[in-house]
Number of protein chains: 2
Amino acid sequence: MTARSTSETARDIPEATVARLPVYLRALNTLADDEIRTCSSEDLASAAGVNSAKLRKDLSYLGSYGTRGVGYDVDYLRYQIAREIGVTQDWPVVIVGIGNLGHALANYSGFRSRGFHVVALLDADERRHGEHVAGVLVRPFDDLEAIVAEQGVAIGVIATPAAAAQDVADRMVACGITSVLNFAPTVIAVPDGVDVRKVDLSIELQILAYHEQRKAQL
Amino acid sequence: MTARSTSETARDIPEATVARLPVYLRALNTLADDEIRTCSSEDLASAAGVNSAKLRKDLSYLGSYGTRGVGYDVDYLRYQIAREIGVTQDWPVVIVGIGNLGHALANYSGFRSRGFHVVALLDADERRHGEHVAGVLVRPFDDLEAIVAEQGVAIGVIATPAAAAQDVADRMVACGITSVLNFAPTVIAVPDGVDVRKVDLSIELQILAYHEQRKAQL
DNA sequence: AGGAGTTTGTGAACGTGGGAACAAACCGAG
DNA sequence: CTCGGTTTGTTCCCACGTTCACAAACTCCT
Ligand SMILES: NC(=O)c1ccc[n+]([C@@H]2O[C@H](COP(=O)([O-])OP(=O)(O)OC[C@H]3O[C@@H](n4cnc5c(N)ncnc54)[C@H](O)[C@@H]3O)[C@@H](O)[C@H]2O)c1
Ligand SMILES: NC(=O)c1ccc[n+]([C@@H]2O[C@H](COP(=O)([O-])OP(=O)(O)OC[C@H]3O[C@@H](n4cnc5c(N)ncnc54)[C@H](O)[C@@H]3O)[C@@H](O)[C@H]2O)c1
């Protein structure tokens, strides 16, 4: 968050920009599938659903990868964004809590195609052990430490009930995981240096409900 | 977005605050379960994982519901937030695309307990029709218009593949849905007056990957 | 009743993000 | 080579969001 060490090429990309880079990458992939080689900031911005000035400013944090009067080379820009995000490599991920949601996540093919692969599915309920989901074995939660150590896992996904989420997060952090994606509807506390992102269906619906109510009041 | 009509009590709550109100509500529910009657902004803020000054400012947009020197009455504040968000009433919701994710969503009990209930599950694949998920029948996508009209549905959830998402959204909007929650990894375009929120697992993971990569560079 | 202690509600300072607008840079035609 | 047309990269400014800090308001004890 603060002082950059000796500042090699270490650019500091705003958080809001980081959150949009994956959207640009996806839009570029779609363009590439349609065999489009070059695009203007206007083209890409409308494909990504943002303002073109914002798009250009976002890209300018990565470097100067466009050509004035021409636009951006789709493949080249695609690679640059992928490299900046860090998805030119493949990240191993563990999923904990293989219930309704955990099954859906394990079956999700979009994982692998976007730079991630599931190395383990863990659950505390022994009745679930031994099952295979999308070709991956469901194993005891207590195998966590061994798997993380062996496979060098840095990213963990929590899909357990809310009551278990903090305990699961603590165990993850203790064995070296430094990024957590939490689907349980609860706030989890982690030490500095660990990133947590949450996905909360109910919150999204409640935000929609708020605006819906406002619309109805007119 | 602009001029408030005649401004009765029409407060204008900042978007960032709206997004946090559901988190406060959840924290208050947890406190109420523990039979805590009163809490300070500090207590509630730490339960919600935010700064206490931010919490107080957020709550001040709703009105002045605390007592100086004392704090907030848990039940009273809970009701006020629920009313402001609009979850004192029950919102009917349709889910389109009953595959892996759609099944998980349909089975999700957190829906009903938070002010929403699933009135219909729709899928274009006729092999899925007739199945019951969590007690609700899976019906043809073409039933959308009839269901929305009959039940007065305002909120739709899209859990189809990306390729179908825009078409589904168009159909939803055409028959009167004005709030959409989109799980498909694609940008969907809607007319003014319709709200869209997206939930995108891959984007969340890519944001984590970015920060993970930065950590590794030190 | 008064004073000490507590906690809210908010004004003001600060930081981050968004968008218009434009100079700089490039292409292609003549 | 020059000129007109195009599109990027960036500057400047405004709006929004966050945090500090403190007066106002309340409770409780003496
Ligand atoms: N199903 C959905 O669509 C949905 C949507 C939004 C949020 N969520 C949230 O996601 C989480 C999972 O939802 P679900 O519907 O899959 O629930 P579920 O009950 O079907 O699955 C939870 C799984 O976690 C396992 N588990 C429990 N405690 C554990 C522990 N300490 N360690 C390891 N595993 C443990 C259980 O054995 C079970 O298999 C919940 O917090 C839920 O609120 C679910
Ligand atoms: N599974 C996950 O955990 C996960 C995670 C993140 C995002 N997603 C996204 O959510 C969406 C659904 O994922 P999934 O794994 O459930 O896929 P899925 O293929 O299992 O299910 C998709 C369902 O949508 C139906 N469908 C297709 N076209 C339709 C149309 N025009 N109208 C109505 N229904 C239609 C299909 O018949 C199928 O039942 C995808 O866009 C996926 O990228 C899934």
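Throughout, a chain's letter reflects where its sequence line sits, starting with A, and its residues are numbered from 1. Keep in mind that the numbers below use all heavy atoms, side chains included, and drop hydrogens, waters and symmetry copies.
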For [X] and [N], give me the distance from atom [atom1] to atom [atom2], rounded to whole Å.
| X | N | atom1 | atom2 | result |
| --- | --- | --- | --- | --- |
| A/Ile13 | C/dT16 | CD1 | P | 15 Å |
| B/Leu77 | C/dT7 | CG | P | 16 Å |
| B/Leu59 | D/dT18 | CG | P | 14 Å |
| B/Leu55 | D/dG17 | CG | C1' | 15 Å |
| A/Glu42 | D/dT6 | CD | P | 13 Å |
| A/Leu44 | D/dT7 | CG | C1' | 14 Å |
| B/Leu62 | C/dT8 | CG | C1' | 14 Å |
| A/Asp73 | D/dT7 | CG | C1' | 15 Å |

**Report entry** Partner of B/Tyr65 under ring pair (Phe, Tyr, Trp, His ring centres under 6.0 Å), chosen from B/Tyr76, B/Tyr24, B/Tyr79
**Finding:** B/Tyr76
Query raised in the report: How is A/Tyr65 classified with respect to the nucleic acid when contacts are heavy atoms under 4.0 Å: base, sugar-phosphate, or nothing?
Result: sugar-phosphate
Query raised in the report: Counting any heavy atom closer than 4.0 Å, what does B/Ala53 reach on the DNA or RNA strands: base, sugar-phosphate only, or nothing?
Result: base
Report summary line: Assert: residue with more 5' nearest nucleotide on DNA chain C, out of A/Glu15 and B/Asp58, is B/Asp58
Requested in this report: Could you say whether A/Gly69 or A/Arg20 is positioned toward the 5' end of DNA chain C, judged by the nucleotide with the nearest heavy atom to each?
Outcome: A/Arg20
Nucleotide nearest [X] when distance is taken to its side chain, options [options]:
| X | options | result |
| --- | --- | --- |
| B/Pro14 | D/dC26, C/dT10, D/dG17 | D/dG17 |
| A/Arg68 | C/dC26, D/dC26, C/dT8 | C/dC26 |
| B/Tyr72 | D/dG17, D/dT8, C/dG9 | C/dG9 |
| B/Arg56 | C/dC22, C/dG18, D/dA21 | D/dA21 |
| B/Lys54 | D/dT18, D/dC20, C/dG19 | D/dT18 |

Query - Member of B/Val187, B/Leu181, B/Ile203 meeting the side chain to side chain contact (heavy atoms under 4.5 Å, CB included) criterion with B/Lys198 - result: B/Ile203
Report task. Please tell me which of B/Thr17 and A/Ser64 maps to the more 5' nucleotide of DNA chain D, matching each residue to the nucleotide holding its nearest heavy atom. Result -> A/Ser64
Query raised in the report: Does B/Lys57 make a side-chain donor-acceptor contact with the base of D/dT19, cut-off 3.5 Å?
Result: yes
Query raised in the report: Hey, does the side chain of B/Asn51 come within less than 4.0 Å of D/dC20's phosphate (OP1/OP2), counting only N and O?
Result: yes
Query raised in the report: Taking OP1 and OP2 of C/dT8, is either one under 4.0 Å from a side-chain nitrogen or oxygen of B/Ser41?
Result: yes
Query raised in the report: Counting N and O atoms only, with roles assigned by atom type, does the side chain of B/Ser40 sit under 3.5 Å from a partner on the main chain of B/Asp43, one being a donor and the other an acceptor?
Result: yes
Report task. For residues A/Ile81 and A/Glu84, determine if any side-chain heavy atom of one lies less than 4.5 Å from a side-chain heavy atom of the other. Result -> no
**Report entry** Note, A/Glu15 side chain near B/Ile207 side chain (heavy atom, < 4.5 Å)
**Finding:** yes
Query raised in the report: Between A/Thr17 and A/Leu62, is a side-chain contact (heavy atoms from CB on, under 4.5 Å) present by the stated rule, with each step listed?
Result: CA-CA 10 Å; A/Thr17 298; A/Leu62 312 192; 5.7 Å; no
